[in-house]
There are 2 protein chains.
Amino acid sequence: MPVKDCKTEQLIKETAKRIFLTEGNMFATTQDIADAAGVNRTLLHYYFRSRDVLFNMVFKEALTELRERLHEVLGSQLAFKQKIDNLVSVFYDELIKFPYLETFIALQLNQEPAKYEELFTGLPGGKERLKNFLKEIQREMDNGHIAEMKPINFFINLFALMAYPFVARPIYLKMFDLTDAAYNKLLTERKKSIVSMLFKN
Amino acid sequence: MPVKDCKTEQLIKETAKRIFLTEGNMFATTQDIADAAGVNRTLLHYYFRSRDVLFNMVFKEALTELRERLHEVLGSQLAFKQKIDNLVSVFYDELIKFPYLETFIALQLNQEPAKYEELFTGLPGGKERLKNFLKEIQREMDNGHIAEMKPINFFINLFALMAYPFVARPIYLKMFDLTDAAYNKLLTERKKSIVSMLFKN
DNA sequence: TCTTTGTTTAACAATTTTGTCAAACAAACC
DNA sequence: GGTTTGTTTGACAAAATTGTTAAACAAAGA
């Protein structure tokens with residue numbers, strides 16, 4: 001018998017990830033994905049049974065990976081500012097790979113909340129680590145390092161400044177007649193300045 | 001003959017707007033929309049010919065309205081800070097009505113750029129007004145009122161801080177176990193603080 | 001070589017969604 | 001009342017998409 005190589009299975013999954021999360025094509029059909037992967041459409045059903053299973057697997061994997069990386073950063077023993085620095089780097093890496101991950105999760109979570117429940121409760125200690133991070137934020141405010149606000153608002157600001165420019169890229173390309181390269185340069189410059197925007201100086 | 005009342009036509013369009021842009025259900029079928037509007041599905045085709053036409057009309061109308069309102073604010077003769085204040089108010093109003101408008105435009109613009117071309121070139125004087133606003137931002141930096149950065153980054157920051165919390169609402173509801181009411185309160189608080197976040201004090 | 005196991009394919013079936021059409025209907029106007 | 005014009009409906013057709021099956025195929029081991 002031939003060894004289970006999983007090569008085709010992996011190829012299909014990676015292609016689906018690219019189409020859904022990198023290119024942001026929510027409406028891609030099984031045929032679209034099969035074509036992009038260069039395989040027969042039936043293989044998609046052979047390995048994943050249905051489009052829905054593949055769709056959810058792709059999200060679950062991508063979000064789990066992101067969550068684990070952020071979890072690690074938040075749990076590190078670094079100084080606050082250094083921690084934020086790492087967080088920006090880690091999240092930027094993810095955004096470059098999957099700029100539409102957050103958008104899709106948000107849309108899906110709105111449509112079928114039950115289905116994605118586990119994605120937010122699956123990692124043990126996640127809630128605690130998040131709460132501790134909010135406390136850390138509060139401490140930094142008390143120390144006068146960052147402006148006074150609800151810690152959760154600081155958290156949202158941080159992610160807004162990182163994620164939004166990736167999601168809204170097509171709009172700003174059109175709006176300001178920018179090339180992809182020019183926009184990428186802008187994103188790189190932003191990366192350096194996000195931390196300084198959030199801290200008092 | 002009966003007077004053309006357009007009542008049903010309007011009802012269908014408003015319902016589609018609600019489903020697509022307020023509830024964020026991109027996958028809604030013609031049947032879904034007809035059911036939500038309480039009309040026969042054939043009427044949707046009678047008035048709009050196809051799902052695609054309706055889909056595009058909904059976007060075009062919503063975006064055109066938003067663009068005109070922003071255009072007006074940008075063109076006003078108010079002081080810079082007051083102008084930003086107005087902009088936040090206007091954009092917040094739109095986000096409450098259609099939180100998913102920007103997301104959808106971004107996704108669609110990525111998939112079929114040609115189709116949405118006109119939405120960005122249709123308003124005469126739009127580009128100039130935008131350029132002037134960027135110059136205004138530069139002047140404020142020169143005067144030391146806001147931190148030094150590329151004006152376009154100030155622009156993106158402004159919209160990131162406004163729009164992202166609406167788009168990512170479902171994620172934060174889950175992540176921090178918040179009720180809709182609590183999140184709305186958060187959004188209201190943010191509204192007041194967005195301006196102060198962007199300006200030196 | 002023959003069997004076993006897993007992979008790939010084409011053809012087919014089922015389902016879902018979209019789009020069409022003719023007929024029924026309702027209101028204004030003669 | 002009958003005509004006209006626009007509206008609404010159900011039945012039907014077409015298209016697109018998903019899912020299934022049986023058979024061909026390939027590689028490894030007895």
Side-chain angles (χ1 to χ4, degrees), chain A residues 1-21 23-61 100 104 107-108 110-112 114-116, chain B residues 1-21 23-61 100 104 107-108 110-112 114-116:
Chain A
M1 59 180 166
V3 180
K4 263 195 176 181
D5 57 358
C6 300
K7 230 177 59 197
T8 308
E9 187 173 354
Q10 276 301 315
L11 174 66
I12 293 172
K13 202 196 288 173
E14 292 307 314
T15 305
K17 267 187 189 162
R18 195 189 77 221
I19 291 176
F20 288 137
L21 303 179
E23 297 169 10
N25 182 6
M26 268 196 138
F27 293 103
T29 64
T30 53
Q31 189 68 63
D32 292 334
I33 297 165
D35 287 351
V39 303
N40 190 292
R41 189 177 60 84
T42 315
L43 287 177
L44 195 146
H45 289 98
Y46 174 71
Y47 286 112
F48 302 98
R49 187 156 68 259
S50 76
R51 181 190 189 278
D52 210 49
V53 169
L54 175 61
F55 191 83
N56 288 312
M57 190 177 290
V58 159
F59 277 106
K60 191 171 175 173
E61 283 193 13
Y100 292 102
F104 275 39
L107 286 169
Q108 288 298 304
N110 230 13
Q111 304 309 316
E112 308 182 84
K115 206 172 206 167
Y116 299 91
Chain B
M1 56 179 169
V3 180
K4 264 195 178 184
D5 57 0
C6 301
K7 228 178 58 198
T8 307
E9 187 174 354
Q10 277 299 317
L11 173 65
I12 293 172
K13 201 195 291 174
E14 292 307 313
T15 305
K17 267 186 189 162
R18 197 190 75 222
I19 291 176
F20 288 137
L21 303 179
E23 297 170 10
N25 182 7
M26 267 195 138
F27 294 103
T29 65
T30 53
Q31 190 66 63
D32 292 334
I33 297 165
D35 287 351
V39 303
N40 189 292
R41 189 177 60 84
T42 315
L43 287 177
L44 194 147
H45 289 99
Y46 174 72
Y47 286 111
F48 301 98
R49 188 158 65 260
S50 75
R51 181 190 190 276
D52 210 49
V53 170
L54 175 60
F55 191 83
N56 288 313
M57 190 177 290
V58 159
F59 277 106
K60 192 172 173 171
E61 282 193 14
Y100 292 102
F104 275 39
L107 286 170
Q108 288 297 304
N110 231 12
Q111 304 308 317
E112 309 183 85
K115 206 172 207 168
Y116 298 91

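Chain A is the first sequence line, chain B the second, and so forth, proteins listed ahead of strands; every chain is numbered from 1.
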### Task
Classify the ring geometry between A/Phe59 and A/Phe20 as parallel (under 30°), tilted (30 to 60°) or perpendicular (over 60°).
parallel
Minimal non-hydrogen separation, [X] against [Y], with atom names:
| X | Y | answer |
| --- | --- | --- |
| B/Gly24 | A/Leu107 | O-CD2, 3.4 Å |
| A/Ser50 | A/His45 | CA-CD2, 4.1 Å |
| A/Phe27 | A/Arg51 | C-NH2, 4.3 Å |
| B/Thr30 | B/Arg41 | OG1-CD, 3.3 Å |
| B/Leu11 | B/Val39 | CD2-CG1, 4.0 Å |
| A/Ala28 | A/Ile19 | CB-CG2, 3.5 Å |

### Query
By a strict heavy-atom criterion of less than 4.0 Å, which residues belonging to residues 48-58 of chain B are in contact with DNA chain D?
none
Length of the [atom1]-[atom2] vector between [X] and [N], whole Å:
| X | N | atom1 | atom2 | value |
| --- | --- | --- | --- | --- |
| A/Ile33 | D/dG19 | CD1 | P | 11 Å |
| A/Leu43 | D/dA26 | CG | C1' | 14 Å |
| A/Leu44 | C/dT9 | CG | P | 13 Å |
| B/Gln31 | D/dA11 | CD | P | 14 Å |
| B/Tyr47 | D/dT9 | OH | C1' | 13 Å |
| B/Asp35 | C/dT17 | CG | P | 12 Å |
| B/Ile12 | D/dT7 | CD1 | C1' | 11 Å |
| B/Tyr46 | D/dG10 | OH | C1' | 17 Å |

Is [Y] close to [X] at the side-chain level, that is, under 4.5 Å between some pair of heavy atoms?
| X | Y | result |
| --- | --- | --- |
| A/Lys13 | A/Gln10 | yes |
| B/Asn56 | B/Glu112 | no |
| A/Lys115 | A/Gln108 | no |

Protein-nucleotides 10-15 of chain C N/O pairs under 3.5 Å:
from: C/dA10; atom 1: OP2; to: A/Asn40; atom 2: ND2; distance (Å): 3.2
from: C/dA10; atom 1: N6; to: A/Thr42; atom 2: OG1; distance (Å): 3.2

### Message
To the closest 0.5 Å, what do you measure between CG (B/Asp32) and CG (B/Leu44)?
### Response
11.0 Å
### Query
What is the bend of the helix from C/dT1-D/dA30 to C/dC30-D/dG1 when you compare the axis at one end with the axis at the other, using five pairs each and rounding to 10°?
20°
### Query
Under 4.0 Å: is that the gap between some side-chain N or O of A/Thr30 and OP1 or OP2 of D/dT17?
no
### Message
I want to verify a distance call: between C/dT8, C/dT18, D/dT18, whose nearest atom is closest to the B/Thr29 side chain?
### Response
C/dT18
